[in-house]
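Worksheet: the structure to be examined is printed underneath.
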Amino acid sequence: MRKITRAAAALALAVGATTMVTATSANAAQAAGTEHGCPAGAFCIYPQDAGWNNDRPSHAFYSYGAHNLSNQVGNHMIFNNQTGGAWARTCTGYNGTGDCQGWMAAGQYFVKDLTPINSILLVQ
């Protein structure tokens, strides 16, 4: 009887450990995946006054450096879904110049008036 109890306890422990590893892996995959239609590793802008726009961003930027904007006026949802500790800034000048405002950490999102913004700067 003792052997059966020990075997059952060992099996329960193994199943519990597997479940915990699986749940942790699933959470990590979700955190590093596409959110609100913005792919992992991207900085996304959504259309004017459309919130998350049914999870369809109008712009997605992937590479570090400055990304110039044109015809982006009014309030837009912006979302930093970059990975690896990357940051994003909004700048009033082209090519990441002018008044570069704030530091958006990965996972942060805001509604931002892009009328005075002419570029997005992505840095690590």
Side-chain angles (χ1 to χ4, degrees):
M1 184 68 165
R2 244 186 209 178
K3 287 183 181 179
I4 293 174
T5 305
R6 284 186 189 164
L11 179 60
L13 181 62
V15 169
T18 302
T19 302
M20 187 167 28
V21 169
T22 303
T24 302
S25 298
N27 291 342
Q30 182 180 10
T34 298
E35 292 188 40
H36 293 291
C38 187
F43 177 90
C44 294
I45 300 174
Y46 296 80
Q48 181 182 7
D49 298 322
W52 293 112
N53 193 41
N54 293 316
D55 293 344
R56 291 183 318 224
S58 55
H59 296 80
F61 303 106
Y62 295 90
S63 59
Y64 296 128
H67 300 274
N68 292 330
L69 302 177
S70 60
N71 300 319
Q72 298 298 304
V73 296
N75 292 322
H76 295 255
M77 180 70 74
I78 58 175
F79 178 35
N80 185 7
N81 198 26
Q82 295 183 92
T83 57
W87 294 81
R89 300 184 82 181
T90 56
C91 301
T92 57
Y94 288 104
N95 301 314
T97 62
D99 179 19
C100 291
Q101 305 158 352
W103 289 92
M104 281 184 71
Q108 288 187 315
Y109 56 88
F110 300 100
V111 173
K112 174 99 175 157
D113 179 5
L114 295 183
T115 303
I117 304 302
N118 287 301
S119 62
I120 303 294
L121 183 61
L122 305 181
V123 295
Q124 185 172 24

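All figures in this text were calculated on a predicted structure; none of them were measured in a lab.
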* Intermediate values then yes/no, side chain to side chain contact (heavy atoms under 4.5 Å, CB included), I45 and F61 -> CA-CA 9 Å; I45 300 174; F61 303 106; 3.9 Å; yes
* **Non-hydrogen atoms of D55 and P57 that approach each other most closely** => O-CD, 3.7 Å
* To do: First locate atom OG1 of T90, then atom NE2 of H76, and finally report the distance between them rounded to the nearest 0.5 Å.
  => 12.5 Å
* Would you say V111 and I120 are hydrophobically clustered, going by side-chain heavy atoms of ILVMFWY under 4.5 Å? -> no
* Asked: What do the steps show when you test M104 against I78 for side chain to side chain contact (heavy atoms under 4.5 Å, CB included), and what is the final call?
  -> CA-CA 10 Å; M104 281 184 71; I78 58 175; 3.6 Å; yes
* **Distance, nearest 0.5 Å, that separates CG of D49 from CE of M77** => 11.0 Å
* Structure fact -> Of all heavy-atom pairs linking Y46 and C38, the shortest is OH-CB, 3.5 Å
* Starting at CH2 of W87, measure out to CG of L122 and round the result to the nearest 0.5 Å. => 13.0 Å
* In Å, rounded to the nearest 0.5 Å, how long is the span from CG of N75 to OG1 of T115? -> 7.5 Å
* For N95 and T97, does a side-chain donor sit closer than 3.5 Å to a side-chain acceptor? -> no
* To do: Look at the side chain of N54 and the backbone N and O of R56, then say whether any donor-acceptor pair between them is shorter than 3.5 Å.
  => no
* If every non-hydrogen atom of G96 is compared with every non-hydrogen atom of S119, which pair is closest and at what distance? -> N-OG, 3.0 Å
* Structure fact -> From the list N53, L114, V73, side-chain contact (heavy atoms from CB on, under 4.5 Å) partner of Q48 resolves to V73
* Between atom NE2 of H67 and atom OH of Y62, what is the distance when rounded to the nearest 0.5 Å? -> 11.0 Å
* Structure fact -> Between A42 and A60 the two heavy atoms that sit nearest each other are CB-CB, 4.3 Å
* Structure fact -> In this structure, CG of L121 is separated from CD of Q101 (nearest 0.5 Å) by 12.0 Å
* Structure fact -> Closest non-hydrogen contact found for A106 with Q82 is CB-O, 3.3 Å
* Asked: Going by distance alone, is a donor N or O of one side chain under 3.5 Å from an acceptor N or O of the other, for N68 and N118?
  -> no
* Got a donor-acceptor contact below 3.5 angstrom from the T92 side chain to the D99 backbone? -> yes
* Side-chain donor or acceptor of R89 paired with backbone N/O of G102 under 3.5 Å -> yes
* Structure fact -> side-chain contact (heavy atoms from CB on, under 4.5 Å) with F79: of W52, F43, F110, only one passes, and it is W52
